[in-house]
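So the structure is just underneath, and the comments pick up after that.
Letters A, B, ... mirror the listed sequences (proteins, then strands); counts begin at 1. Note that these values count all heavy atoms, side chains included, but never hydrogens, waters or copies made by symmetry.
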Amino acid sequence: ARAEVLIFAAASLKEPIDQIAEQFDDVVVSYGGSGTLARQVTLGAPADIVLLANTEWMDVLVAGGHVEADSVVNLASNRLVLIGPQGTIPLNLEPDALRNAIGNGRFAVGLTEAVPAGIYAKEALQHLDLWEAIQDRLAEVDNVRAALTLVARGQTPLGIVYRTDTRISDDVAEVAVFPLNSHRPIQYLGALTDDRNDEARMVLDVLTGVQGQAIFAASGFLPPTGNAK
Amino acid sequence: MISVDVKKRLGAFQLDTQFEAPNGVTAIFGRSGSGKTSVVNAVAGLLRPDAGRITIAGTALFDQASKTYLAPQQRRIGYVFQDARLFPHMTVMRNLGYGGTHDAARVIEVLGLEQLLDRMPARLSGGERQRVALGRALMSDPQLLLMDEPLAALDAPRKAEILPFFERLRDEVQVPILYVSHDVSEVARLATTLVIMEKGRVTTSGPVGTVLSRPETVPLVGPRAAGAVIETKVAGRLLDDGLTELAFSGGRIMLPGLLGVLGQTVRIRIPAQDVILAKHRPADLSALNVLPVTITQVAQGKGPGVAVGLRAGEDQLLARVTRRSALRMELAVGQQIYAIIKATAVGPEDIGT
Amino acid sequence: MISVDVKKRLGAFQLDTQFEAPNGVTAIFGRSGSGKTSVVNAVAGLLRPDAGRITIAGTALFDQASKTYLAPQQRRIGYVFQDARLFPHMTVMRNLGYGGTHDAARVIEVLGLEQLLDRMPARLSGGERQRVALGRALMSDPQLLLMDEPLAALDAPRKAEILPFFERLRDEVQVPILYVSHDVSEVARLATTLVIMEKGRVTTSGPVGTVLSRPETVPLVGPRAAGAVIETKVAGRLLDDGLTELAFSGGRIMLPGLLGVLGQTVRIRIPAQDVILAKHRPADLSALNVLPVTITQVAQGKGPGVAVGLRAGEDQLLARVTRRSALRMELAVGQQIYAIIKATAVGPEDIGT
Amino acid sequence: MIEALGPEEWTAILLSLRVALVAMLAALPLAVWIAYVLARKTFPGRQLLNGVVHLPLVLPPVVTGYLLLVLFGQQGPLGGFLDQTFGITFAFRWTGAALAAAVMAFPLMVRAIRLGFEAVDPGLEQAAATLGASRWRIWRTVTLPLVLPGILAGTILGFAKALGEFGATITFVAAIPGETQTIPTAIYGLLQVPGREPAIVSLVIVSIILAMGALLVSEWLARRMAQRLGGT
Amino acid sequence: MIEALGPEEWTAILLSLRVALVAMLAALPLAVWIAYVLARKTFPGRQLLNGVVHLPLVLPPVVTGYLLLVLFGQQGPLGGFLDQTFGITFAFRWTGAALAAAVMAFPLMVRAIRLGFEAVDPGLEQAAATLGASRWRIWRTVTLPLVLPGILAGTILGFAKALGEFGATITFVAAIPGETQTIPTAIYGLLQVPGREPAIVSLVIVSIILAMGALLVSEWLARRMAQRLGGT
Ligand SMILES: Nc1ncnc2c1ncn2[C@@H]1O[C@H](COP(=O)(O)OP(=O)(O)OP(=O)(O)O)[C@@H](O)[C@H]1O
Ligand SMILES: Nc1ncnc2c1ncn2[C@@H]1O[C@H](COP(=O)(O)OP(=O)(O)OP(=O)(O)O)[C@@H](O)[C@H]1O
Ligand code: MOO
Ligand SMILES: [Mg+2]
Ligand SMILES: [Mg+2]
């Protein structure tokens with residue numbers, strides 16, 4: 001049964017988007033990695049709405065005419081946080097402090113060249129001059145959830161994830177928050193693949209509207225920062 | 001009429017065999033490793049010769065010159081393999097019917113397969129397996145039957161039961177048969193033609209009577225195997241004694257058992273070793289058959305035996321005596337003497353119809 | 001001394017076999033499906049009986065009562081299977097040496113395996129395969145040898161070559177042998193004890209000479225198979241004639257071939273059908289052997305034959321004549337008559353040493 | 001355990017079953033044929049075919065999924081053709097999930113079935129040929145039945161793989177609930193949300209039960225076949 | 001094509017090879033043993049063992065990776081034990097990548113090898129037993145050589161799978177260049193960013209070449225074995 005509105009959404013948005021979709025009878029959401037979703041859309045995926053955690057891929061979709069440039073909206077933002085297993089004491093974001101905390105262990109992040117959370121993490125670490133100190137101690141994984149798991153299972157003493165991710169596991173604690181200016185703003189962007197699809201436009205409007213924003217906030221997301229292009 | 005001419009290199013072994021097989025049973029006889037199975041495989045289409053030509057009744061199954069090579073299934077050949085090759089996943093019944101159900105009831109009865117029909121091949125004894133393989137080939141109604149030592153795994157009574165069926169097959173259905181065997185009694189009884197192979201080549205071939213009653217054959221087939229094969233007619237039946245009197249050009253022979261009806265043709269093999277020679281007609285002997293014969297040949301073998309060719313009427317007989325006897329009796333070509341053949345020495349497996 | 005008592009249900013077939021096998025060769029004889037292979041498998045440890053007991057020299061290999069059940073490898077048994085079972089991934093040489101290299105050179109020589117040593121089993125003919133299997137079992141130096149129709153796939157000359165080796169084995173190595181065979185010549189020549197099986201049960205057993213020269217045995221083994229087995233001693237060798245003179249309690253017998261040295265014991269089988277009876281000593285016959293004998297039994301069979309038990313000295317002979325001859329000659333127990341045995345009728349496969 | 005599963009998870013379970021079954025049924029004839037060809041025939045390009053069959057095993061599943069998308073997507077050469085000619089669409093449909101599962105399972109099926117073919121005694125096929133059976137009849141009545149254990153093994157391997165396939169599926173057809181969201185993709189989604197561990201565990205257990213059930217059935221069938229052949 | 005590959009990609013290629021080879025070598029004895037046990041023995045728990053062996057096939061790779069993490073991670077019961085007793089660490093080490101590859105390849109190897117065992121004629125083992133060979137010698141000299149084609153097939157399947165394994169590997173040992181970043185992880189990373197297609201294509205081609213090479217070697221070995229047995 002093909003739904004009226006099919007949303008392709010970044011997996012990290014699952015919690016709030018599921019809640020919003022529940023309010024419609026005929027909205028169906030397919031979650032995946034932002035890169036995967038974007039490629040699928042370029043190859044003709046029947047999505048009506050695309051929600052990505054990555055501005056770069058949205059640029060590609062816009063440039064290729066796969067989404068309506070005018071419809072691109074900024075949905076929410078997030079904070080990058082440093083986490084450790086439950087009980088880890090808060091840390092200063094300084095090389096020595098990090099190195100000590102890591103010890104012989106490793107530092108869990110998303111793929112720093114590929115996964116949005118990893119790309120932001122690399123920017124922040126470089127900005128804070130921490131990159132040199134831990135570059136050789138990284139354990140890069142294919143999505144933020146995996147980084148969270150590594151920390152939660154005590155495999156790595158530290159890791160970088162979105163603040164929203166820390167809600168998933170009781171076994172991790174936030175030990176530091178990266179300053180907003182240490183990395184490009186974290187933007188979750190939405191767009192329509194077809195301007196004339198009114199129902200899809202309505203759904204997207206709900207996401208940016210009061211009700212949608214409240215749900216994002218309840219899941220730990222921050223209001224959108226900066227402007228969608 | 002089957003004509004075989006095959007050349008094939010198999011490792012160090014060179015097969016280079018030519019022979020003609022008229023209708024009836026052609027036995028291929030030869031020691032282990034002489035190439036019998038290879039020849040039969042070539043005829044079946046399972047071994048592609050390097051060169052040569054194989055025809056049945058003028059139709060080429062294989063001809064290197066004209067690049068003819070029929071697939072096995074196009075040859076209508078029934079093959080009883082040395083190693084049964086029953087389909088392990090089918091019951092005996094389904095195995096039997098695989099190639100057809102020609103004459104099914106009779107085949108099942110004669111081969112004694114009734115009790116086995118629902119069995120799986122893994123639960124058969126060695127001999128049972130071979131009987132089923134035989135039945136399967138027969139029921140496919142072949143134009144040529146190949147048998148690679150089909151009876152080797154059977155016991156004597158079972159053999160004796162099956163052989164008459166082969167004979168009927170040979171005589172009634174007119175299916176030519178290529179028959180590989182180690183057993184001269186079998187060969188003599190069934191075969192019309194005998195092909196003797198050695199190291200991939202044919203050393204002797206011809207009508208079985210001629211080949212086996214030639215003194216030169218003795219070393220080829222072994223002393224026990226040599227013997228004459230003669231055609232006789234049933235001339236009388238002594239019901240009380242359970243004997244049959246057979247007439248042939250050289251006189252009459254009395255054999256135990258009631259063999260066929262009056263006037264019927266019966267083929268018997270008289271093993272050379274079972275013929276005793278006497279200069280004078282002896283009396284009061286348990287041997288019933290005393291035939292006047294003329295010596296045609298006295299061939300000295302390498303061993304202690306002397307093969308003596310005999311003419312009885314127009315038929316050839318063969319006797320094998322010790323050199324000492326030959327000398328003592330001063331046997332010489334042209335002599336008129338008596339051949340004594342014990343009635344019971346011609347065993348039932350030497351008598352064919 | 002092997003003692004076998006096995007009960008085993010196999011589908012609809014019930015094996016219930018008891019016999020004792022003294023040292024030497026015990027032949028198991030019986031038609032296809034009578035349970036021979038099953039018995040042999042039970043002795044080898046490949047078929048676990050439902051009940052019974054199997055011992056070699058007093059040691060139990062299997063004993064239901066005491067829950068003894070030795071694994072095949074603990075039994076030191078050499079088994080020549082009906083279907084060779086060579087290891088397909090090993091050369092003939094490696095197959096041979098698998099169970100040991102006992103007497104390797106001699107085994108290879110006697111079985112004529114020199115040319116085959118580097119071959120893979122897939123490239124052997126049927127007979128070659130069986131010879132290798134035989135060699136492999138022999139080289140494992142077994143305390144008991146099981147042979148399931150080991151010679152069925154061999155041609156007569158090859159058989160004749162191998163049989164003496166078995167005899168030597170029997171006499172020198174003192175390895176008891178259980179020997180399954182369809183071939184009475186083989187049985188008579190090799191076996192000391194004969195066990196005849198029918199439908200899973202033993203119908204007759206005993207020393208081979210006794211069993212085979214009993215007129216009652218004729219219907220069990222078939223008329224051609226019956227015959228006396230007697231022990232003789234080499235009394236002289238006529239080198240010029242290539243004959244050997246053998247002495248036994250009933251006189252002297254001259255046989256072709258040079259059989260052993262002076263004084264050696266030689267066992268011969270005299271097939272019942274090859275004995276001719278005469279009331280008077282005949283003259284001028286090619287048959288070299290004429291023995292005075294006394295009739296001990298005249299047994300009328302179902303067919304046209306009459307089995308005549310004879311005493312020659314202290315040995316038993318058996319003759320088979322037609323009823324007609326028996327009547328005509330008025331044969332009766334106690335009569336003194338002559339037995340004529342053709343020298344060449346006792347074929348080489350009937351002579352053991 | 002069952003309570004933890006919502007309607008969306010149940011839908012995913014049923015879909016997974018359907019996808020795995022359809023994938024097996026559709027792939028089996030081709031797998032048997034390719035296995036036969038690889039086991040018995042020599043022809044130029046044999047090694048190439050062998051390589052292509054193994055590709056889905058060698059490549060990361062995501063790449064396979066991506067290649068499927070390129071080939072069978074609406075714009076893809078095969079996808080467009082099939083859509084226009086037969087009206088079959090794969091991209092982002094459950095049929096595509098079945099295609100992905102079949103492709104990923106294919107090397108496993110082919111290898112197991114091929115081993116089966118290699119174990120059949122050619123002597124039996126020769127015997128059938130001398131009995132006049134056509135190639136096709138020999139194949140159907142002698143070869144195939146004797147290969148059944150291999151086919152069974154291949155099918156069960158393929159079925160298990162089809163149940164577990166994730167990377168190629170999510171790349172090729174995404175994870176659309178009710179259409180392409182299978183058990184593995186559902187688990188992936190649940191991993192992103194707090195507090196859904198019970199549902200994840202339940203889905204994992206359901207996967208295991210399905211696979212174990214299939215395994216038990218296949219073992220039972222294999223034992224029956226062996227008994228028929230072995231005669232005990 | 002080669003220009004598209006940076007030093008990091010080359011490192012990944014060499015690592016992938018090492019991981020796949022080590023995984024095969026280490027898993028083979030166990031796979032052979034388990035296959036033997038499953039093919040020949042009956043014991044309580046046989047079906048359970050069979051099920052456990054198939055698990056990595058049924059479960060989404062991420063779940064398998066997670067379970068490996070739980071079991072073999074530094075705090076895991078097995079991980080801690082192995083670390084303390086033998087000094088073997090898996091977490092974030094190439095050895096862990098090999099472990100993940102081995103586990104994922106295991107069901108494929110076991111199945112192929114098991115089919116091999118099932119094709120061996122027990123009559124040959126009986127013959128060896130009557131020749132006095134111990135169980136172990138029979139196993140080594142008769143059974144095992146006859147199972148070699150199955151072992152070869154299992155190994156090549158496993159090797160291919162090990163080359164392609166992604167999900168379980170990255171979840172268990174992440175992607176550390178030079179230590180655990182294999183070809184599939186590298187490809188995954190490249191796929192997530194626009195415009196890296198040339199490097200992806202190059203890596204895919206290298207994967208294919210490696211697997212094809214292994215396939216060709218295995219086919220050649222198999223043919224040699226068949227020739228020895230078949231006598232042609
Ligand atoms: N593929 C092969 N490669 C090499 N040599 C072979 C091959 N097949 C058969 N031979 C050899 O060819 C010869 C003839 O074999 P064949 O099976 O035809 O003999 P045979 O007369 O049937 O023997 P038997 O009576 O023992 O069955 C043998 O010496 C055998 O070793
Ligand atoms: N597993 C089994 N299930 C049922 N019946 C069986 C089984 N194995 C053997 N039989 C039957 O038991 C009987 C004895 O078989 P066995 O193989 O011992 O006979 P044999 O005397 O060796 O015959 P042959 O001379 O033909 O080799 C046969 O009738 C056979 O069909
Ligand atoms: O091979 Mo995977 O890692 O099943 O998607
Ligand atoms: Mg042969
Ligand atoms: Mg038997």
Between C:Gly99, C:Gly45, C:Ala71, which shows the greatest number of heavy-atom pairs under 4.5 Å with chain E?
C:Gly99

Given heavy-atom pairs under 4.5 angstrom as the criterion, report whether the side chain, backbone, both or neither of C:Arg136 touches chain E.
both

Just checking E:Arg135: does its CZ atom have more than 12 heavy atoms from other residues, nucleotides or ligands closer to it than 6.0 angstrom?
no

Are E:Thr141 and C:Phe87 packed together at the side-chain level, in the sense that at least one heavy-atom pair is separated by less than 4.5 angstrom?
no

Atom CD of C:Gln14 with >12 non-hydrogen neighbours under 6.0 angstrom
yes

Can you confirm whether E:Arg137 is buried at CZ, in the sense that more than 12 heavy atoms of other residues, nucleotides or ligands lie under 6.0 Å from that atom?
yes

Select one option (side chain, backbone, both, neither) describing which atoms of C:Leu124 are under 4.5 Å from chain E's heavy atoms.
neither

Out of curiosity, E:Gln126 CD to C:Leu47 CG, how far, rounded to the nearest 0.5 Å?
9.5 Å

CG-CG distance between E:Leu131 and C:Asn95, expressed to the nearest 0.5 angstrom:
9.0 Å

Please classify the contact between E:Ile138 and chain C as side chain, backbone, both or neither, with a heavy-atom cut-off of under 4.5 Å.
both

Using a 4.5 Å cut-off on heavy atoms from C-beta on, say whether the side chain of E:Leu124 contacts that of C:Pro88.
yes

Which answer fits C:Tyr98, side chain, backbone, both or neither, if we ask what part of it has an atom under 4.5 Å from a heavy atom of chain E?
both

Side chain, backbone, both or neither: which part of C:Arg76 has an atom under 4.5 Å from a heavy atom of chain E?
neither

Pairwise distance OG1(E:Thr130) to CG(C:Leu145) - rounded to 0.5 angstrom
10.0 Å

Distance-only, no hydrogens or angles: does the C:Gln73 side chain make a donor-acceptor pair with backbone N or O of E:Ala133 under 3.5 Å?
yes

